Amino acid sequence: MRVSRQMLVTLRDVPAEAEIASHQLLLRAGYIRRVGSGIYAYLPFMWKVIQRITSIVREEMSRAGALETLLPQLHPSELWKRSGRWQGYTAGEGIMFHLEDRQGRELGLGPTHEEVITSLAGELLRSYRQLPVNLYQIQTKFRDEIRPRFGLMRGREFIMKDAYSFHATEESLQATYTAMDEAYRRIFARCGLDAVPVDADSGAIGGAASQEFMVTADAGEDLILISDDGLYAANQEKAISCPHEAIPLETGEPITLKTPGQGSIESLCETQGWHPSQVVKVLILMARMEDESEKPLLVSLRADQELNQVKLVNALSRLMDQGVLDCHPITVEETARQGLAPLPLGAIGPDLDDAVLKGARSWAPSFIRLADNTATELDRFHCGGNNHDLHRCHSDWETLGGRPGGQDLRNARAGEACVHNPKARLQDKRGIEVGHIFQLGRKYSQAMDCRFTNESGRDEAFWMGCYGIGISRLAQAAVEQHHDDAGICWPTAIAPFEAIVVVANIQDETQLALGEATYTTLLEAGIDVLLDDRKERAGVKFKDADLIGIPWRIVIGRDAAEGNVELIERSNREMRKLPHAEATSSLVSALRP
RNA sequence: CGGGGCGUGGCGCAGCUUGGUAGCGCACUACUUUGGGGUAGUAGGGGUCGUGGGUUCAAAUCCCGCCGCUCCGACCA
């Protein structure tokens with residue numbers, strides 16, 4: 001391919017819309033253009049990258065025995081109503097784009113395909129003898145993200161590989177889950193990415209075990225915790241750890257203190273000379289449940305700890321046996337709207353009386369009380385006095401009406417000891433989620449009543465797994481992980497071209513002739529090579545080659561008369577001056593070892 | 001949705017406070033020049049100043065509404 005024919009449009013200035021390096025570089029180097037908020041065109045170079053990635057994905061999925069298919073993007077609402085997800089995915093802050101056709105039928109644009117595939121499986125897979133089956137597709141997904149950002153990183157229209165497996169037994173599901181884990185490791189390694197598998201929360205998709213694959217990069221939206229012995233890694237949403245020991249509180253008189261202006265843990269501890277680990281803080285939150293009921297929550301936590309919202313929501317939905325639509329701290333305004341007296345925010349104790357909720361307009365009349373282990377394990381502690389500007393010192397659970405059952409509701413943090421090995425410490429890193437595998441279990445097959453006949457002739461719901469890779473996101477994550485000041489440094493396996501031949505001065509006939517010859521030699525060797533034949537100054541062509549990030553560059557320049565050229569590796573900028581035949585052969589052997 | 005910022009040729013911006021000829025850099029076209037890290041010069045093309053209304057003799061500029069984009073929080077591949 002000749003650069004002069006490539007519609008290569010590079011920008012010197014960074015478009016104002018781009019914040020992070022990968023987004024800026026993809027725009028500047030002419031890989032993508034924004035068409036709308038969270039909607040991007042993949043320009044020809046980008047499409048080549050995407051195709052490189054998808055062919056690796058196809059090879060590895062196929063190796064793992066999965067079958068490629070292509071499902072519709074337009075989904076009848078009935079399917080989603082059968083699984084019970086229509087309401088949650090369309091109403092309020094739902095992420096599904098939906099519309100009505102001319103007959104008034106409701107349709108949604110697929111944000112994910114469990115419904116479609118499960119219903120098809122239910123029709124096609126009648127017997128355990130057909131199982132297991134693993135189906136995948138590579139296709140555009142639509143999600144009306146609350147906040148699209150960072151270019152392809154969180155788009156509203158994006159390319160995803162999604163796979164769904166169907167099994168007669170849980171053991172079979174686990175075997176495929178393991179196979180997918182291995183396939184994913186191979187895929188990311190082949191794409192040249194440093195991707196860490198981490199334990200993950202299964203979120204809205206649901207199910208039992210789940211693991212995310214994180215490309216480590218400072219621009220990542222997730223915080224991941226990794227043990228320094230390399231044996232444990234988890235998303236902070238899910239991560240567990242041993243909290244630091246509390247500083248023991250010596251015995252003292254249980255008294256009530258006036259604490260004006262000490263509504264925050266920081267100011268309270270500073271004024272009173274307490275350590276936060278000696279205090280039980282109580283967070284007051286409002287949970288809106290799937291049945292639209294509004295439940296006030298009191299969550300007790302040792303004051304040096306942070307609440308983990310995901311763990312809280314999971315604990316709550318287990319307790320109430322239904323989903324949680326929203327959970328947020330209660331505000332002064334909300335309390336007023338309920339017609340209640342102001343709550344003693346900043347001085348709430350675990351035993352705050354339900355009476356404060358009496359007469360609430362729409363809230364449930366009593367608190368759901370939850371406690372983290374760090375709080376319940378304290379024998380003596382300070383806590384709020386349930387009145388404005390009052391705290392109680394040297395209190396204990398017996399005084400407060402009994403020690404509650406504790407559970408894990410806190411954030412694990414860097415520096416803490418690991419549960420699997422107390423000698424190991426957690427470190428934190430930012431990560432970009434490029435893949436996620438789930439053991440769904442029978443959640444969807446039961447909800448949609450999709451069954452097969454088992455060995456003993458009885459109908460049974462499928463065991464299911466699902467496995468996603470954000471293809472377009474992966475492409476950008478690769479740039480985030482592989483770039484320098486001058487531009488992109490694509491891993492060779494997913495680069496749009498493997499090499500570029502730059503003729504420094506095309507008006508020099510010797511250079512031009514040697515350039516064409518080198519280009520032809522490489523083409524004939526099966527190398528995906530680009531020839532920069534533009535009538536531009538050498539500097540411009542070098543800058544562009546660096547920016548677009550082609551892994552290898554051969555420069556035909558002033559030494560062309562002697563038959564010598566330069567061979568340069570983009571990633572480390574190593575340059576060798578070589579006779580041209582040697583340069584092409586050493587390039588070919590580097591690319592086709 | 002809550003809270004900031006911004007909408008002026010393809011890209012990056014100035015002009016707006018104090019109303020009166022729409023400007024700069026990059027990119028683009030032609031010619032000249034240069035020819036190994038975004039060469040220099042000359043000439044040129046391209047803008048309903050997001051949009052609707054209002055104030056005014058006169059609005060990019062002042063006032064009101066709407067739309068869009070973007071950043072910080074709740075969603076996720």
Side-chain angles (χ1 to χ4, degrees), chain A residues 9-20 23-24 27-28 30 33-39 88-89 92-96 111-113 138-163 184 200-205 212-215 221-222 235 237 288 309-310 313 324-329 331 333 432-438 466-477 486-487 502-508 511 535-547 553 555-560 566 568 573 575:
Chain A
V9 180
T10 57
L11 302 175
R12 205 185 287 213
D13 294 316
V14 180
E17 70 192 66
E19 196 76 3
I20 61 174
H23 187 195
Q24 295 178 343
L27 284 167
R28 281 190 55 213
R33 273 295 163 102
R34 194 181 62 79
V35 172
S37 178
I39 306 172
Y89 270 69
E93 292 191 348
I95 60 167
M96 183 149 66
T112 175
H113 280 71
I138 294 172
Q139 185 211 47
T140 300
K141 290 277 189 285
F142 299 89
R143 291 185 190 171
D144 192 1
E145 290 287 343
I146 295 163
R147 184 146 102 82
R149 57 177 147 182
F150 302 150
L152 305 184
M153 219 65 115
R154 180 175 297 283
R156 298 197 297 166
E157 181 183 313
F158 60 98
I159 301 173
M160 176 165 154
K161 187 283 300 179
D162 49 328
Y184 273 39
D201 181 70
S202 23
I205 307 287
E212 292 167 331
F213 291 82
M214 294 286 190
V215 168
E221 295 185 272
D222 288 277
N235 192 312
E237 294 176 349
R288 197 158 56 87
Q309 283 255 355
V310 173
V313 165
V324 179
L325 296 178
D326 176 54
C327 183
H328 63 267
T331 63
E333 296 73 35
I432 301 165
E433 182 188 354
V434 290
H436 200 157
I437 59 178
F438 300 82
C466 85
Y467 320 94
I469 291 180
I471 301 287
S472 42
R473 177 185 282 181
L474 187 159
Q476 185 171 333
V502 177
V503 179
N505 181 358
I506 62 160
Q507 312 201 82
D508 179 321
Q511 289 187 21
K535 185 179 179 297
E536 289 286 354
R537 296 170 60 87
V540 174
K541 294 193 264 201
F542 294 157
K543 288 279 188 204
D544 275 344
D546 285 349
L547 180 60
R553 183 166 99 212
V555 177
I556 317 288
R558 48 169 93 91
D559 301 330
E566 291 156 27
I568 299 135
R573 302 194 155 159
M575 192 264 274

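Lettering of chains follows the sequences in order, A, B, ..., and the numbering in each one begins at 1. What you see is a predicted model, and the numbers here were worked out from it, not measured in a lab.
Across the P atoms, B:G12 and B:G53 are found 28 Å apart, a figure rounded to whole Å. Distance check on atom P: B:C13 versus B:C6 gives 12 Å, rounded to whole Å. Here the separation of B:C63 from B:G46, taken at their C1' atoms, is 33 Å to the nearest Å. Nucleotides B:U70 and B:A59, compared at atom C1', are 27 Å apart to the nearest Å. On the C1' atoms, B:C49 is 4 Å away from B:U8, given to the nearest whole Å. The same atom, P, is picked in B:G15 and in B:U61; the two are 15 Å apart, to the nearest Å. Taking atom C1' in both B:C62 and B:G20, one finds a spacing of 14 Å when rounded to whole Å. Straight-line distance between the P atoms of B:C24 and B:G47: roughly 15 Å, to the nearest whole Å.
In this model, a side-chain donor or acceptor of A:R154 finds a partner on the base of B:C76 within 3.5 Å.
Looking only at side-chain heavy atoms (C-beta outward), A:E566 and A:V502 stay at 4.5 Å or farther from each other. When side chains are defined from C-beta on, A:I469 counts as touching A:L474, because their heavy atoms get closer than 4.5 Å. Side-chain atoms of A:I20 and A:Q476, non-hydrogen and from C-beta on, do get closer than 4.5 Å to each other.
Listed candidates were B:C76, B:C75, B:G12. Nearest to the side chain of A:E433 is B:C76.
With hydrogens and angles ignored, the 3.5 Å screen pairs a side-chain donor or acceptor of A:R473 with a backbone N or O of A:M153.
For A:K161 and B:A77, the NZ to P distance is 12 Å, given to the nearest whole Å. Rounded to a whole Å, the CE atom of A:M96 is 15 Å from the C1' atom of B:C76. For the pair A:M214 CE and B:C76 C1', the computed distance is 10 Å after rounding to whole Å. Protein atom CD1 of A:I437 is 17 Å distant from nucleotide atom C1' of B:C76, rounded to whole Å. Here B:C76 presents its P atom at 12 Å from CG of A:N235, a figure rounded to the nearest Å. Atom-to-atom, CG of A:D144 to C1' of B:C76 comes out at 13 Å; the value is rounded to the nearest Å. A:D13 has its CG atom 17 Å from the P atom of B:C24, to the nearest Å. For the pair A:R33 CZ and B:G10 P, the computed distance is 11 Å after rounding to whole Å.
Taking a pair to require two hydrogen-bonding distances under 3.5 Å in either a Watson-Crick or a G-U wobble arrangement, B:G2 pairs with B:C72. In this structure, B:G7 forms a base pair with B:C67, meeting either the Watson-Crick or the G-U wobble geometry with both donor-acceptor distances under 3.5 Å. Checking B:U34 for Watson-Crick or G-U wobble geometry (two distances, each under 3.5 Å) identifies no partner in any strand. B:C24 is paired with B:G12 under the Watson-Crick or G-U wobble criterion, all donor-acceptor distances under 3.5 Å.
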Between the protein and nucleotides 69-72 of chain B, list every N/O to N/O distance that falls short of 3.5 Å.
from  : atom 1 : to     : atom 2 : distance (Å)
B:C69 : OP1    : A:S37  : N      : 3.3
B:U70 : OP2    : A:S37  : OG     : 3.0
B:C72 : OP2    : A:R147 : NH1    : 3.0
B:C72 : OP2    : A:R147 : NH2    : 2.2
B:C72 : OP2    : A:R149 : NH1    : 3.4
B:C72 : O5'    : A:R147 : NH2    : 3.3

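Taking 4.0 Å as the cut-off between side-chain N and carboxylate O, A:D508 and A:R558 do not count as a salt-bridged pair. Look at A:R143 and A:E157 and you find no salt bridge, because none of the NZ, NE, NH1 or NH2 atoms lies under 4.0 Å from a carboxylate O.
Applying the ring pair (Phe, Tyr, Trp, His ring centres under 6.0 Å) criterion to A:F213, with sequence neighbours excluded, gives A:Y184, A:F188. Listed by chain and number, the residues in a side chain to side chain contact (heavy atoms under 4.5 Å, CB included) with A:S37 are A:P148, A:R156 (sequence neighbours excluded). Scanning for side-chain hydrogen bond (donor to acceptor under 3.5 Å, both in side chains) contacts around A:E145 gives A:R154, with sequence neighbours left out. Qualifying side-chain hydrogen bond (donor to acceptor under 3.5 Å, both in side chains) partners for A:K543, counting only residues two or more places apart in sequence or in other chains: none.
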Any chance you could list the contact pattern along nucleotides 31-39 of chain B? Use B for base contacts, S for sugar-phosphate-only contacts and - for none, protein heavy atoms under 4.0 Å, 5' to 3'.
---BBBBBB
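Of the inter-residue distances, the one linking A:M160 atom CE with A:H113 atom NE2 reads 9.0 Å to the nearest 0.5 angstrom.
Among the heavy atoms of the strands lying under 4.0 Å from A:D222 is at least one base atom, whether or not backbone atoms are also near. At a threshold of 4.0 angstrom between heavy atoms, the contacts of A:G155 include nucleobase atoms, whether or not backbone atoms are also involved.
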